[in-house]
Amino acid sequence: MTDAQSFYGRWARVYDWVANAPGVSSWREQAADSLALAPGDSVVEMGCGTGANVAHLRERVGSPGRVVGIDVTRAMLDRARDRSVRTGKTVHYVQADAARPPVREADAVLATFVAGIFEDPAAAVDAWCDSVVPGGRVALLNFQRSPSALAAPLNLAFEAFVRLSAPGTRLSTQSHASAFERRVRAARERLTARTVDRRYETFAGGYLGLLSGTVQ
Ligand SMILES: C[S@@+](CC[C@H](N)C(=O)[O-])C[C@H]1O[C@@H](n2cnc3c(N)ncnc32)[C@H](O)[C@@H]1O
């Protein structure tokens with residue numbers, strides 16, 4: 001079992017509550033919008049967790065579309081499946097490593113709050129870009145420290161959050177937050193190299209960055 005599996009296995013219930021807290025939904029809406037989905041499209045969410053994005057994705061692809069959620073942690077997928085039953089949103093959930101996703105030829109890939117967890121985020125982004133058809137979109141939504149001078153106290157809170165939410169992040173001479181941000185940066189750089197027609201937006205006072213692009 002990986003660090004991520006044991007961490008998220010233990011905290012699935014709490015995570016589910018946080019992931020669906022008031023306010024978070026608007027960020028998820030914007031992430032889903034950045035994929036430019038159309039009815040009938042197929043969309044894959046990498047590291048889908050407890051399924052907090054699913055309603056937004058399902059709404060955009062409609063009933064002829066296909067939503068696939070991939071996650072490595074069984075307890076997170078159990079909650080996601082419960083949510084699907086409760087809300088009537090049909091989703092195909094797959095327990096698998098999102099760094100080697102068992103999907104091909106999707107119209108879009110979404111990864112929210114996930115890229116900073118992978119040991120080799122650039123390779124994961126490559127795999128995600130390879131999973132979509134030419135013209136398909138890939139979007140990454142991630143926390144980051146705010147560049148605002150007023151944000152110093154909140155940046156400490158960010159460090160605490162990263163310690164909790166990115167259990168695979170190893171401490172070396174760098175802080176957790178720096179290691180986490182380095183991984184997110186590597187993921188974004190690879191997505192930038194692999195895509196055209198990119199959009200980058202920030203929310204929540206600069207604490208969230210959403211990068212999306214079209215794979216050629
Ligand atoms: C911070 S949560 C994000 C969940 C969801 N994307 C969201 O926005 O709420 C990270 C998720 O990534 C999953 N995860 C971590 N490493 C993974 C891997 N190698 N393959 C698939 N899922 C992974 C964890 O199980 C967890 O559900």
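First listed ligand is number 1; within each ligand, the first listed atom is number 1. Fair warning: this is a prediction, and the values are worked out from it, not measured in the lab.
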Trainee: Do R66 and V61 have side-chain heavy atoms sitting under 4.5 Å apart?
Mentor: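 Result no, sub-4.5 Å side-chain heavy-atom pair not found.
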Trainee: Show the atoms of ligand 1 that are less than 4.0 angstrom away from any heavy atom in G49.
Mentor: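 Once the distances to G49 are compared, the set is 4 (C), 27 (O).
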Trainee: Assess whether a salt bridge exists between D97 and R100, defined as any Lys/Arg side-chain N lying under 4.0 Å from an Asp/Glu carboxylate O.
Mentor: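 R100 and D97: salt-bridged.
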Trainee: Output the list of atoms in ligand 1 that are nearer than 4.0 Å to some heavy atom of D97, sorted by atom number.
Mentor: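 Result: 18 (C), 19 (N), 20 (N).
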Trainee: Can you find a pair of side-chain heavy atoms, one from V44 and one from L110, that are under 4.5 Å apart?
Mentor: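 No, their side chains stay 4.5 Å or more apart.
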Trainee: Does the N or O separation between V72 and ligand 1 drop below 3.5 Å for any pair?
Mentor: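 Yes; at least one N/O pair falls below 3.5 Å.
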Trainee: Has F118 got any heavy atom lying under 4.0 angstrom from an atom of ligand 1?
Mentor: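 The answer is yes: ligand 1 sits under 4.0 Å from a heavy atom of F118.
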Trainee: Record the part of Y8 in heavy-atom contact with ligand 1 below 4.0 Å; permitted values are side chain, backbone, both and neither.
Mentor: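 The answer is the side chain of Y8.
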Trainee: Less than 4.0 Å between a side-chain N and a carboxylate O, is that true for R60 and D107?
Mentor: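 Result for this pair is no, no salt bridge flagged.
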Trainee: Give the atoms of ligand 1, by number and element, whose distance to some non-hydrogen atom of E45 is under 4.0 Å.
Mentor: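 Checking each atom against E45, I get 6 (N).
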Trainee: Would you say the side chain of D71 lies within less than 4.5 Å of the side chain of Y93, judging by non-hydrogen atoms?
Mentor: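 When only atoms from C-beta onward are counted, D71 and Y93 do not touch, as no gap falls below 4.5 Å.
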Trainee: Give the single entry among F7, F143, Y15, W27 that approaches atom 7 (C) of ligand 1 most closely by any heavy atom.
Mentor: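 Ranked by closest heavy atom to atom 7 (C) of ligand 1, first place is Y15.
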Trainee: Does the side chain of N20 pick up a donor-acceptor pair with the side chain of S25 at under 3.5 Å?
Mentor: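 Per modelled atom types, N20 and S25 side chains form no pair under 3.5 Å.
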Trainee: What I want to find out is whether E45 reaches R28 closely enough, with some N-O distance under 4.0 Å, to be called a salt bridge.
Mentor: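 No salt bridge links E45 with R28.
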Trainee: Taking non-hydrogen atoms only, is C48 closer than 4.0 angstrom to ligand 1 via side chain, backbone, both or neither?
Mentor: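 It is the backbone that gets close, since no side chain atom is under 4.0 Å.
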Trainee: Backbone, side chain, both or neither: what part of Q5 comes under 4.0 angstrom of ligand 1, heavy atoms only?
Mentor: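 Q5 to ligand 1: no contact under 4.0 Å from either part.
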Trainee: Side chains of R199 and S212 only: does a donor on one sit below 3.5 Å from an acceptor on the other?
Mentor: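 The answer is no; no qualifying pair exists.
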Trainee: One residue to check: R28. Relative to ligand 1, which of side chain, backbone, both or neither has a non-hydrogen atom less than 4.0 Å away?
Mentor: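 Near ligand 1, R28 shows its side chain, while the N, CA, C and O stay back.
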Trainee: What part of A4, side chain, backbone, both or neither, has a heavy atom within less than 4.0 angstrom of ligand 1?
Mentor: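 Side chain only; the backbone of A4 stays clear of ligand 1.
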Trainee: Classify the contact between A111 and ligand 1 as side chain, backbone, both or neither, using a heavy-atom distance cut-off of under 4.0 Å.
Mentor: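 Neither; nothing of A111 gets under 4.0 Å from ligand 1.
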Trainee: Pairs of nitrogen or oxygen atoms closer than 3.5 Å, one from I70 and one from ligand 1: do any exist?
Mentor: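 In fact, backbone or side chain, I70 has no N or O that close.
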Trainee: Within a distance under 4.0 Å of any heavy atom of A96, pick out the atoms of ligand 1 and give their elements.
Mentor: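 Taking each heavy atom of A96 in turn, ligand 1 has 20 (N), 21 (C) under 4.0 Å.
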Trainee: Is I117 touching ligand 1 with its side chain, its backbone, both, or neither, if touching means heavy atoms under 4.0 Å apart?
Mentor: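 Within the 4.0 Å criterion, I117 contacts ligand 1 through side-chain atoms alone.
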Trainee: Quick one: does E189's side chain get under 4.5 Å of V125's, heavy atoms only?
Mentor: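 Not touching, per the 4.5 Å side-chain cut-off.
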Trainee: Hey, are R183 and D120 close enough for a salt bridge, meaning a charged N less than 4.0 Å from a carboxylate O?
Mentor: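 Between D120 and R183 there is no salt bridge, as every charged N stays at least 4.0 Å from the carboxylate O atoms.
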Trainee: Would you say A98 and ligand 1 have an N/O pair spaced under 3.5 Å apart?
Mentor: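 Such a contact does occur with ligand 1.
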